[in-house]
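In what follows, a single structure is set out as structure tokens and then discussed.
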There are 2 protein chains.
Amino acid sequence: MNFQSVNVSLIREQNLSLVLQYLLQNSPQTSRTDLMRLTHLSGTTVSALVNILLNSGFVSETGVGESIGGRRPITLELNPTFAYSMGVDIGASHITCMIIDLKGNVVASLSEPFDVIHKAHATMKRAKELLTRMLEIAHLDLSRVAGLGVSIPAPLDGEKQDRLLAFYMPDWEGMVVLDELRPFFDLPMFLENDANAGGIAEKWWGVGRQHHSLAFIKLGVGVGAGLIINDEIYRGFAGSAGEIGHTTIESKGRLCRCGNRGCMESYVGIPGILKDVQSRRGISESSLMTIEDVIAAAKNGEPVNTEVLQTAGRYLGIAIANLLNLVNPEIVILNGYIMDAGDMLMQEVVSSMLERTLPLRAEFTPIVASRLGRDAVAMGAATLVIHQSIQPEYINRFLHLT
Amino acid sequence: MNFQSVNVSLIREQNLSLVLQYLLQNSPQTSRTDLMRLTHLSGTTVSALVNILLNSGFVSETGVGESIGGRRPITLELNPTFAYSMGVDIGASHITCMIIDLKGNVVASLSEPFDVIHKAHATMKRAKELLTRMLEIAHLDLSRVAGLGVSIPAPLDGEKQDRLLAFYMPDWEGMVVLDELRPFFDLPMFLENDANAGGIAEKWWGVGRQHHSLAFIKLGVGVGAGLIINDEIYRGFAGSAGEIGHTTIESKGRLCRCGNRGCMESYVGIPGILKDVQSRRGISESSLMTIEDVIAAAKNGEPVNTEVLQTAGRYLGIAIANLLNLVNPEIVILNGYIMDAGDMLMQEVVSSMLERTLPLRAEFTPIVASRLGRDAVAMGAATLVIHQSIQPEYINRFLHLT
DNA sequence: TTTTTTAAGTTGAAAAAGTAAGTTAATCTC
DNA sequence: GAGATTAACTTACTTTTTCAACTTAAAAAA
């Protein structure tokens with residue numbers, strides 16, 4: 001059921017949005033006739049829509065294509081610098097800013113470590129400074145930027161989903177994140193959870209391009225999934241969909257930072273892995289071991305490290321099997337430092353997943369590594385703006401038609 | 001992203017569908033002006049659409065409503081007998097047929113035990129006989145029936161989702177279920193998984209009426225969930241979404257009939273519960289104990305039975321917590337024989353769920369018992385027809401306008 | 001060169017929604 | 001009880017947008 005009434009002018013917006021989507025995807029060498037075929041719209045309609053896009057500067061006629069027996073088609077190409085989009089990835093311990101164009105090219109980026117968890121206001125102040133500096137470096141005026149996306153390392157919270165769930169980050173309690181940036185940037189702004197942002201990035205520019213539904217699993221200190229269903233972020237009713245880190249896979253298992261037992265995150269999250277290595281090798285917990293150290297040593301043949309990583313892989317596989325049984329996405333994309341472990345980890349993930357989905361068709365779901373790596377989340381934050389801008393409701397504003 | 005182009009006549013169909021939905025929901029005492037307010041359509045448009053519905057016989061003007069200071073409104077009421085819909089619930093060990101009208105009134109129903117699992121063709125033959133007999137009893141001609149929905153106790157399978165996944169029911173391997181009925185009923189037919197059908201029924205006629213997303217968990221020999229998201233059945237990419245029974249909650253737990261360990265179903269499904277009672281009370285496994293016996297004894301104060309049911313409840317609560325963390329529906333609806341246990345079970349389910357969703361907003365999700373009980377699935381199968389018929393694509397045919 | 005094929009653009013009709021003004025009906029006010 | 005007010009609904013006309021058929025244009029094939 002769709003509780004939305006439709007009026008005449010919405011038709012144009014919907015179809016304009018549709019043409020735009022095809023141009024953004026198949027960009028080079030698209031002719032009007034190609035668009036007719038792709039959209040199943042009439043020639044009249046396509047010509048009218050293309051004229052609008054030509055006038056607004058969104059596309060240009062760049063030449064003629066190959067003939068297939070008749071008049072050669074005029075090729076249309078989208079102008080990737082028609083608009084830029086800005087994103088900030090607020091991580092647990094870093095801030096990463098990025099500007100991308102309409103083809104997903106990274107125009108500029110800036111990143112630095114920051115104690116995000118314990119300093120809410122300082123984080124946002126620093127983010128503002130980094131964004132401003134990045135705009136200067138890129139020689140871009142704010143008027144060329146379509147909007148700003150911000151990702152945060154926690155589920156969204158509040159009636160308006162305008163703050164973060166501060167359970168693990170008490171200093172962020174009650175802060176309306178975007179309000180900290182609004183005085184400095186007169187732009188449409190979007191707030192999103194980091195895993196959801198990563199999911200959108202892989203859908204637009206990464207391994208998810210060909211798929212309409214996917215799960216993007218971000219493995220870090222915490223573990224969360226971004227679910228893309230029907231090409232849109234799926235947030236669930238209260239915004240907590242995709243919280244795979246706190247799904248139970250061992251009902252009386254180890255204690256998790258959330259206070260419960262047997263959460264997947266307590267086995268697969270970075271602190272869990274470090275603790276396992278430390279306890280199994282008799283190293284003191286206070287030693288400054290990093291996940292990179294653990295993986296490097298494993299690759300150099302340290303058997304205990306390898307075993308710990310493989311165990312984590314098996315637990316991750318169970319959680320993914322549960323995800324496939326419940327949500328059944330087209331593809332699962334894994335992202336995070338731990339992915340540097342490569343096949344050692346992946347083989348365990350896949351075999352453990354296969355065991356637990358055998359009678360179901362979910363077993364054919366590919367599990368792959370992220371293509372965008374550490375850029376994924378910041379890129380996704382920026383992509384939120386583009387994603388929104390080409391929706392029928394916003395398209396006239398985006399093309400400066402209003 | 002919506003890859004659907006829009007043409008002019010689709011507007012009418014969309015808006016007609018919208019008006020129909022409101023009439024089906026708010027049925028008694030709806031005036032044209034009410035519809036204007038509800039749909040945000042203009043008076044002209046609403047009047048035109050209402051005239052179409054009056055001419056087709058779908059609604060009637062039944063009288064006048066209360067004045068609020070001016071002319072009294074003409075009340076429109078949908079004619080519930082404009083069309084009927086037929087459903088068959090093929091269970092694991094029963095066949096239930098049902099005819100409902102457009103208000104969800106049960107016009108006729110027939111049910112009998114049947115060894116469905118081991119006899120595929122015989123089941124469908126018997127279903128055909130029951131449906132024919134039910135039509136006779138109800139004195140209904142096939143021309144008054146809008147379609148036939150069929151539910152099966154397994155996930156759908158095949159490219160066209162036209163058969164069932166025969167892992168637990170080998171006799172059904174390869175059978176295209178609806179093809180067995182097509183020669184006898186010249187009707188639009190729909191095949192659906194039982195839990196999905198139950199979900200649709202609760203959404204339309206039960207406790208899910210006010211909600212746009214819900215999870216309907218069917219607890220029987222197997223345990224499966226039907227997910228309704230944005231008022232539509234969510235099937236996932238390969239049709240295996242909602243397979244909550246085979247999600248792992250104990251990575252090295254008991255063996256499940258699917259061959260894996262620690263599936264929720266092995267603790268909460270009827271065979272698991274019976275085996276627990278038998279082993280804890282030293283009764284032989286071959287004794288003919290039913291789940292009804294177990295519940296009745298528990299209610300009469302048998303502590304072992306109560307404990308077993310409570311343990312099942314705790315496991316169910318964990319699986320529900322996982323579902324809330326991953327899918328985050330608005331409400332969870334429980335259905336099945338085991339629900340007769342009442343509060344004894346529900347309290348454990350809820351407290352175990354709460355423990356595991358505490359830091360997340362999912363904790364506020366209500367968990368309630370099904371309102372439709374054993375009728376839910378057959379009713380849902382029938383409702384599939386209505387659900388489809390009022391979609392914009394089919395609405396003209398439904399109103400006999402083509 | 002002529003014919004065929006493909007691409008792009010144009011014209012007129014049709015569908016549907018909206019606006020504005022008008023009609024009908026019931027209730028309130030003086 | 002006559003006129004004013006409010007509500008519900010209808011009618012005539014305008015706007016938007018699409019589609020179908022046709023025209024123009026360019027290239028390839030015969």
Side-chain angles (χ1 to χ4, degrees), chain A residues 4-19 23 29-55 59-77 392 395-396 399 401-402, chain B residues 4-20 22 29-55 59-77 392-393 395-396 399 401-402:
Chain A
Q4 199 89 49
S5 71
V6 172
N7 63 33
V8 182
S9 58
L10 216 128
I11 297 179
R12 161 126 313 175
E13 288 161 12
Q14 167 75 44
N15 286 337
L16 200 50
S17 166
L18 187 69
V19 168
L23 286 168
Q29 321 286 62
T30 310
S31 70
R32 288 170 177 80
T33 318
D34 291 337
L35 288 171
M36 284 173 62
R37 274 191 291 262
L38 289 166
T39 59
H40 304 110
L41 288 169
S42 70
T44 324
T45 308
V46 169
S47 276
L49 297 173
V50 167
N51 280 336
I52 291 175
L53 296 175
L54 283 169
N55 287 331
V59 292
S60 321
E61 295 184 336
T62 50
V64 285
E66 280 306 291
S67 163
I68 48 169
R71 177 173 169 178
R72 290 159 74 183
I74 299 172
T75 51
L76 301 166
E77 204 161 334
I395 199 150
N396 284 330
L399 296 175
L401 299 177
T402 44
Chain B
Q4 201 90 48
S5 69
V6 170
N7 64 33
V8 183
S9 59
L10 218 127
I11 296 179
R12 162 121 320 173
E13 288 161 11
Q14 167 75 44
N15 286 336
L16 199 50
S17 166
L18 188 69
V19 168
L20 235 77
Y22 281 111
Q29 322 288 61
T30 310
S31 70
R32 289 169 176 81
T33 318
D34 291 338
L35 288 171
M36 284 174 62
R37 275 191 289 263
L38 288 166
T39 61
H40 303 112
L41 289 169
S42 70
T44 323
T45 307
V46 168
S47 275
L49 297 173
V50 167
N51 282 335
I52 291 174
L53 296 175
L54 283 169
N55 287 331
V59 291
S60 321
E61 295 184 335
T62 51
V64 286
E66 281 305 289
S67 162
I68 46 170
R71 176 174 170 178
R72 290 157 74 182
I74 299 172
T75 51
L76 300 165
E77 204 161 331
E393 307 90 289
I395 199 150
N396 284 330
L399 296 175
L401 300 178
T402 43

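Here is how names work: the chains are called A, B, and so on, in the same order as the sequence lines, proteins then strands, and each is numbered from 1. Note that the structure is predicted; figures quoted are calculated from it, not measured. Only heavy atoms go into these numbers, but all of them, side chains included; no hydrogens, no water, no symmetry mates.
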The side chain of Ile74(A) is closest to which nucleotide in this list: dA16(C), dG18(C), dA8(C)?
dA8(C)
His40(A) NE2 - dC19(D) C1' separation (whole Å):
16 Å
Looking at Arg32(B), I'd like to know whether one of its side-chain N or O atoms comes within less than 4.0 Å of OP1 or OP2 on dC9(D).
yes
Atom CG of Leu16(B) and atom CD1 of Ile395(B): how far apart are they, to the nearest 0.5 Å?
4.0 Å
Among the nucleotides dA27(D), dC9(D), dT11(C), which one has an atom lying closest to any side-chain atom of Thr44(A)?
dT11(C)
Whole angstrom is fine here: how far is it from CG in Leu49(A) over to C1' in dT10(C)?
16 Å
Check for a donor-acceptor pair, side chain of Thr39(B) on one end and backbone N or O of Leu35(B) on the other, with a separation under 3.5 Å.
yes
Between dA7(C), dC9(D), dA16(C), spot the one nearest the side chain of Ser31(B), thanks.
dC9(D)
Taking atom CZ of Arg32(B) and atom CD1 of Ile74(B), what is their separation to the nearest 0.5 Å?
5.5 Å
Contact summary for Ala48(B) and Arg12(B), nearest pair of heavy atoms
CB-NH2, 3.8 Å
Minimum-distance nucleotide to Ser42(A) side chain [options: dC19(D), dA16(C), dC9(D)]:
dC19(D)
Taking only the side-chain nitrogens and oxygens of Ser47(B), find out if one of them lies under 4.0 Å from OP1 or OP2 of dC9(D).
no
Please state how far atom CG in Leu53(A) lies from atom P in dA8(C), giving the value in whole angstrom units.
15 Å
Rounded distance in Å - CG (Asn51(A)) to P (dT17(D))
14 Å
Glu13(A) has an atom CD; how far is it from atom C1' of dT18(D), in whole Å?
16 Å
Presence of Asn15(A) side-chain N/O under 4.0 Å of dT17(D) phosphate oxygens OP1/OP2
no
Distance in angstrom units between Ile52(B) CD1 and dT10(D) P, rounded
13 Å
Report yes or no: does Thr45(B) contribute a side-chain atom to a donor-acceptor pair with the main-chain N or O of Leu41(B) at less than 3.5 Å?
no
Between Leu16(A) (CG) and dT16(D) (P), how many Å, whole number?
16 Å
Touch check for Thr33(B), heavy atoms < 4.0 angstrom, all strands: base, sugar-phosphate only, or nothing?
sugar-phosphate
Side chain of Ile11(B) only, heavy atoms from C-beta on: which candidate in dC19(D), dA8(C), dA16(C) is closest?
dA16(C)
Residue pair Ala48(A)/Glu61(B) against DNA chain D: nearer the 5' end by closest nucleotide is Glu61(B)
How close or far is atom C1' of dA17(C) from atom CD of Gln14(A), stated in whole angstroms?
17 Å
Below 4.0 Å: OP1/OP2 of dA25(D) and any side-chain N or O of Arg72(A)
no
What nucleotide among dT18(D), dG9(C), dA17(C) has an atom nearest to a side-chain atom of Thr45(B)?
dA17(C)
